Amino acid sequence: MTDDPARSVVRFHGVQKFYGHGESLVKALDSVDLVIREREFVSVMGPSGSGKSTCMNIIGCLDVPTGGSYFFRGVDVSRLSQDQRALLRRHFIGFVFQGFNLLARTTALENVELPLVYRRVRRADRRERAMHALTLVGLADRAGHTSGEMSGGQMQRVAIARALVTEPALLLADEPTGNLDSARSREIMELLVSLNRERGITIVMVTHESDMAEYGTRTVTFHDGNILSHGEPQEVSA
């Protein structure tokens with residue numbers, strides 16, 4: 001697809017990620033080019049070992065490429081220090097994981113507040129923003145409930161609210177429906193679609209499930225460290 005720097009959130013230019021040496025060399029990513037524009041919802045698919053998780057980790061600044069360049073909103077992430085990457089991750093990227101990663105004995109509100117605690121946001125502001133995020137995912141009435149008092153779908157909604165509370169430029173979702181039944185999976189996917197279409201949040205989601213991938217605006221398919229298909233881009237409204 002056309003590389004439009006003015007509208008891109010993520011740009012890979014020849015990104016490589018190698019592990020090992022000599023005969024044991026593994027090319028997790030082999031000179032990958034990728035563009036993700038603002039307001040896109042990109043599903044990432046591929047078999048185990050195809051490179052999709054490595055790609056996600058580099059996008060999320062959890063790993064660095066061996067070669068090539070990664071630009072996040074025009075900033076060359078490849079040139080940032082570890083501390084600078086941590087700041088970028090904390091302020092601009094939200095994460096949603098398959099396992100929810102909620103603190104078990106704290107309330108939904110307290111779980112959602114946590115990223116703001118790390119930012120040293122004042123308590124009153126934290127509460128207001130966390131309640132707003134829970135309202136966005138339809139769980140304002142569960143703010144005082146702990147994980148043990150919620151369903152899997154509700155816990156994933158709390159995890160999404162926690163990712164949204166920092167108002168990220170990019171939401172990364174790693175198998176967000178992997179631990180849910182089909183009904184709860186559709187519920188979570190419809191929520192992500194709503195956040196993308198109505199609030200303009202750029203989303204990148206890794207999934208093994210083709211029916212879940214279809215909720216995105218396009219699907220990028222990985223195989224053996226390369227991109228087999230960038231998918232057919234849909235028109236993304238401004």
Side-chain angles (χ1 to χ4, degrees), residues 1-17 27-63 65 68-74 77 92-98 156 160 163 168-178 180 182 185-238:
M1 64 188 299
T2 302
D3 184 348
D4 180 0
R7 296 193 63 190
S8 67
V9 177
V10 168
R11 281 190 294 142
F12 279 12
H13 288 313
V15 168
Q16 300 172 321
K17 185 63 182 182
K27 296 182 178 181
L29 293 178
D30 190 6
S31 299
V32 167
D33 294 327
L34 176 66
V35 179
I36 297 170
R37 297 181 298 163
E38 289 182 355
R39 305 177 71 91
E40 277 200 296
F41 183 163
V42 177
S43 300
V44 179
M45 296 194 72
S48 296
S50 62
K52 61 185 185 301
S53 294
T54 301
C55 176
M56 180 76 90
N57 288 339
I58 290 175
I59 291 174
C61 297
L62 299 171
D63 202 351
S69 299
Y70 164 33
F71 293 87
F72 184 88
R73 301 178 82 181
V77 179
F92 294 98
I93 303 174
F95 295 87
V96 179
F97 301 99
Q98 177 178 344
Q156 192 60 294
I160 293 170
L170 176 65
L171 181 65
L172 298 180
D174 188 3
E175 299 282 0
T177 62
L180 305 177
S182 58
S185 293
R186 289 192 297 271
E187 173 186 293
I188 292 303
M189 293 311 303
E190 288 165 2
L191 171 60
L192 291 177
V193 168
S194 173
L195 292 170
N196 172 251
R197 292 180 180 174
E198 298 175 15
R199 302 193 65 83
I201 296 173
T202 305
I203 299 175
V204 179
M205 176 186 72
V206 166
T207 181
H208 282 97
E209 302 169 273
S210 58
D211 54 338
M212 298 296 106
E214 289 175 359
Y215 283 89
T217 56
R218 67 181 169 109
T219 299
V220 173
T221 305
F222 277 82
H223 184 74
D224 288 344
N226 294 283
I227 294 180
L228 283 184
S229 170
H230 289 265
E232 287 295 327
Q234 299 178 19
E235 186 60 33
V236 180
S237 58

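The structure presented is a predicted model; accordingly, all values stated were derived computationally and were not measured.
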Separation between CG (Leu192) and CD (Glu187), nearest 0.5 Å, reads 11.0 Å
The residue among Met45, Lys52, Glu214 that forms side-chain contact (heavy atoms from CB on, under 4.5 Å) with Thr207 is Met45
Nearest heavy-atom contact between Leu171 and Ala163 is CD1-CB, 3.4 Å
Residues Thr177 and Met212: closest non-hydrogen pair is OG1-CG, 3.7 Å
So with a 6.0 Å cut-off around CZ of Phe92, is the heavy-atom count from everything else above 12?
no
To the nearest 0.5 Å, atom CG of Asp63 lies from atom OG of Ser53 at 11.5 Å
Problem set entry | N/O donor-acceptor pair under 3.5 Å between Glu232 side chain and Thr217 backbone | no
| field | Beyond-backbone contact of Phe12 with Asp33, side-chain heavy atoms, under 4.5 angstrom | value | no
Angle class for the Phe72/Tyr70 ring planes (parallel below 30°, perpendicular above 60°, tilted otherwise)?
perpendicular
Value for CE (Met205) from OG (Ser43), rounded to nearest 0.5 Å, stands at 3.5 Å
Heavy atoms of Ile93 and Cys61 approach each other most closely as CD1-SG, 4.4 Å
In this structure, CD1 of Ile58 is separated from CE of Met56 (nearest 0.5 Å) by 12.0 Å
- Task: Report yes if the side chains of Leu29 and Gln16 come closer than 4.5 Å at any heavy-atom pair, otherwise no.
- Result: no
Value for CG (Leu195) from CD1 (Ile203), rounded to nearest 0.5 Å, stands at 6.0 Å
Taken to the nearest 0.5 Å, the spacing of Glu40 CD from Asn196 CG works out to 9.0 Å
**Asked** Would you say Phe41 and Arg197 make side-chain contact, with heavy atoms under 4.5 Å?
**Response** no
Donor-acceptor pair, Glu175 side chain versus His208 backbone, under 3.5 Å? yes
key: Sub-4.5 Å side-chain heavy-atom contact between Leu34 and Cys55   = yes
Looking only at heavy atoms, the pair that brings Ile36 and Arg218 closest together is CA-NH2, 4.0 Å
Note: Leu172 and Gly60 closest approach over all heavy atoms is CD1-CA, 3.5 Å
Shortest non-hydrogen pair, Val15 vs Ser69, comes out as CG2-O, 3.3 Å
Point to revise | Test item: Ser50 side-chain N/O and Asp224 main-chain N/O as donor-acceptor pair under 3.5 Å | key: no
* Asked: Does the side chain of Phe222 come within less than 4.5 Å of Val44's, by heavy atoms?
  -> yes
